[in-house]
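Model, not experiment: these values are computed from the prediction.
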Amino acid sequence: MKCFAFFVGLLAIGMVSGVQAQPKSTTDRLYVGTYSIRGSEGIYAVDFNRASGALSIVGTASNKQNPSFLALHPSKKYLYAVNESSASAAGASAYKIDKAAGTLTLLNQQATEGSGPCHVSIDKAGKMAFVSAYGGGVFTALPIEADGTLGTLVEQVQYEGKNPDNARQDGPHAHSATVSPDSKQVYVADLGNDRVYIYNIGGNKPVPNAMPFVTVKKGSGPRHIAMHPNGRFVYLVEELTSSMAVFTRNPKTGALTLIQEGIATLPADFTGKNKNTSADIHIDAAGKYIYQSNRGHNALAVLKIGTNGVPTLVGHVPTGGKTPRNFWLDPRGQFVIVANQDSDNLVVFRRNATTGMLTPTGQELKIPAPVCVISGQ
């Protein structure tokens with residue numbers, strides 16, 4: 001019996017037949033999208049060393065068409081970028097990933113409708129790419145082929161509407177398309193007409209939900225969306241008012257119900273509110289804290305999520321640069337890396353999982369005009 005118990009113990013720790021428990025990697029691969037200015041190469045492959053906190057460039061993919069926003073295929077074999085250019089050159093690019101070599105090989109490019117495509121997302125099955133064109137106010141869907149290439153678009157929706165009281169809302173401005181955790185819906189934020197459109201996905205193209213859209217406060221300017229890990233709550237960046245809106249989501253129908261809007265993400269005594277715009281938003285894997293970047297204040301707002309899904313502002317963390325756009329929130333909950341667009345740097349922060357607050361590690365990496373940083377894991 002003692003021998004048997006010893007054998008079971010070996011099995012438990014993975015030491016029988018040469019099989020050993022594998023430790024978590026100490027290096028994460030990240031991809032950074034940029035604007036094609038100040039000498040940018042385009043897309044950067046970056047390694048993040050968890051032990052030292054250091055960032056290092058391991059490869060680039062040349063793209064002079066503003067590959068600003070990126071999305072990773074669920075297989076981790078392909079990367080997609082928008083080409084944020086004029087209507088004639090607007091589109092999306094597909095790349096094959098060689099992680100060992102740190103290289104991205106261009107597979108193909110496809111045209112999308114509308115000028116200034118600024119956001120791309122992929123459904124959980126890896127079969128469809130969704131592109132939002134800010135300048136043209138257009139939402140498009142493109143199929144992803146088995147070899148990772150992008151097919152020709154299967155759907156395009158030209159939005160309408162404007163707010164004459166706000167120059168930023170001179171027309172429709174589709175800013176993001178966010179796929180739900182169960183991949184049943186995609187939610188499109190339109191900054192120009194203060195709406196979030198809802199589509200059902202899973203077939204050959206997205207189709208309008210029975211609730212085709214929800215409306216938020218006039219002049220708030222919907223931008224990016226974060227989905228709570230439980231799939232029940234949806235959080236919306238209100239870019240123009242530097243605030244946040246919260247919805248409950250019906251998991252059966254995908255419908256949204258607005259429960260609170262106008263949640264402040266700036267300090268009460270901040271004097272530059274009319275010069276600040278909010279940008280990106282992410283929730284930690286535990287679903288306890290939510291973060292929103294503010295350009296002008298140049299900080300991340302830290303909010304704690306209540307049991308009812310509504311967050312409360314608990315603090316702010318300066319981002320160590322100018323114009324923070326997208327940021328990477330470590331799925332292990334240990335780090336945050338911010339892309340500061342106008343100071344050309346990525347800045348690393350250590351995260352306190354209990355308080356949600358961040359502390360700069362002193363580590364940063366110079367990259368021209370970084371806009372988006374995502375995980376390649």
Side-chain angles (χ1 to χ4, degrees), residues 68-71 82 117-124 128-134 137 139 141 157 159 172-201 206 208-209 211-217 220-251 253-263 265 277-285 287 289-294 300-301 303 305 309-311 325-329 371-372 374:
S68 58
F69 207 89
L70 310 175
V82 292
C118 63
H119 188 276
V120 59
S121 59
I122 310 297
D123 75 323
K124 307 301 182 185
M128 193 76 65
F130 305 108
V131 176
S132 304
Y134 178 88
F139 166 62
V157 181
Y159 296 126
H173 295 298
H175 219 314
S176 65
T178 304
V179 178
S180 62
D182 58 13
S183 205
K184 291 182 178 180
Q185 279 81 36
V186 59
Y187 298 89
V188 183
D190 188 335
L191 181 144
N193 60 20
D194 297 312
R195 286 181 175 179
V196 175
Y197 293 92
I198 308 172
Y199 298 89
N200 296 332
I201 56 177
N209 187 270
M211 172 185 279
F213 62 85
V214 291
T215 303
V216 292
K217 186 177 180 180
S220 59
R223 182 184 171 95
H224 281 195
I225 289 172
M227 308 286 296
H228 195 281
N230 66 17
R232 293 176 47 231
F233 301 111
V234 176
Y235 301 87
L236 172 70
V237 172
E238 297 174 311
E239 176 180 338
L240 303 181
T241 51
S242 304
S243 54
M244 184 187 301
V246 185
F247 305 83
T248 55
R249 173 178 177 266
N250 185 318
T253 66
L256 300 181
T257 300
L258 180 65
I259 59 174
Q260 190 161 338
E261 59 185 333
I263 299 171
T265 65
T277 54
S278 292
D280 199 25
I281 187 169
H282 292 288
I283 302 173
D284 71 335
Y289 289 95
I290 188 166
Y291 301 81
Q292 184 163 310
S293 59
N294 280 309
L300 294 188
L303 299 91
I305 299 173
V310 176
R325 286 284 294 267
N326 190 230
F327 56 95
W328 176 70
L329 178 52
V371 176
C372 175
I374 67 168

Nearest 0.5 Å please: distance from the CG atom of Leu303 over to the OH atom of Tyr235.
10.0 Å
Separation between CZ of Phe139 and OH of Tyr199, rounded to the nearest 0.5 Å:
6.0 Å
Mark yes or no for whether Thr265, through its side chain, and Ser242, through its backbone, hold a donor-acceptor pair below 3.5 Å.
yes
Heavy-atom side-chain contact between Arg249 and Asp182 under 4.5 Å
yes
NE2 of His173 to OH of Tyr134, rounded to nearest 0.5 Å, is 4.5 Å
Contact check, side chains of Leu236 and Val196, non-hydrogen atoms, under 4.5 Å
yes
Step by step, would you call Ser121 with Thr178 a side-chain contact (heavy atoms from CB on, under 4.5 Å)?
CA-CA 7 Å; Ser121 59; Thr178 304; over 6 Å; no
Would the distance check show the side chain of His228 and the main-chain N or O of Gly287 forming a donor-acceptor pair, the cut-off being under 3.5 Å?
yes
Minimum heavy-atom distance Val82-Ser68, with the two atoms named
CG2-OG, 3.5 Å
4.5 Å side-chain heavy-atom contact, Pro208 and Ile198
no
Go through Ile290 and Ile281 one step at a time and tell me if the side-chain contact (heavy atoms from CB on, under 4.5 Å) criterion holds.
CA-CA 7 Å; Ile290 188 166; Ile281 187 169; 3.6 Å; yes
dist Arg223:CZ -> Glu238:CD (nearest 0.5 Å) comes out at 13.5 Å
Any donor and acceptor pair, going by atom type alone, linking the side chain of Ser183 with main-chain N or O of Asp123 inside 3.5 Å?
no
Rounded distance [0.5 Å steps], CD1 in Ile225 versus CG in Leu256
7.5 Å
Just by modelled atom types, is the Val237 backbone N or O under 3.5 Å from a matching donor or acceptor in the Ser278 side chain?
no
Do any N or O atoms from the side chain of Glu261 and from the backbone of Lys217 form a donor-acceptor pair under 3.5 angstrom?
yes
Heavy-atom pair of closest approach, residues Ala301 and Asn294
CB-ND2, 4.2 Å
Do Asp280 and Tyr291 make a side-chain contact, defined as non-hydrogen atoms from C-beta onward lying under 4.5 Å apart?
no
Tell me which one of Ile259, Val216, Thr257 satisfies side chain to side chain contact (heavy atoms under 4.5 Å, CB included) with Phe247.
Val216
Nearest 0.5 Å please: distance from the CG atom of Asn209 over to the CD1 atom of Ile201.
11.5 Å
Main chain of Ala255, side chain of Asn250: is a donor-acceptor contact present, judged purely on distance under 3.5 Å?
no
Shortest non-hydrogen contact between Ile122 and Ala71, atoms and distance:
CG1-CB, 3.8 Å
Kindly give the heavy-atom pair with the smallest separation between Gly192 and Asp190, and that separation in Å.
N-OD1, 2.9 Å
So Val179 and Met227, do their side chains get closer than 4.5 Å, heavy atoms only?
no
Tell me if the centroids of the rings in Tyr197 and Tyr159 come within less than 6.0 Å of each other.
yes
Counting distance only, does the side-chain N/O of Asn200 pair as donor-acceptor with the main-chain N or O of Gln185 below 3.5 Å?
no
Side-chain heavy-atom pair His175, Cys118 within 4.5 angstrom cut-off
yes
Check: Phe233 and Thr248 side chains under 4.5 Å, non-hydrogen atoms:
yes
Heavy-atom side-chain proximity of Leu300 to Ser293 below 4.5 angstrom:
yes
Looking only at heavy atoms, which two atoms of Ala177 and Ser132 are closest? And how far apart?
N-OG, 3.4 Å
Considering all heavy atoms, the nearest Cys372-Leu70 contact
SG-N, 3.6 Å
Describe, in one word, how the ring planes of Phe69 and His224 are oriented to each other, choosing from parallel (under 30°), tilted (30 to 60°) and perpendicular (over 60°).
perpendicular
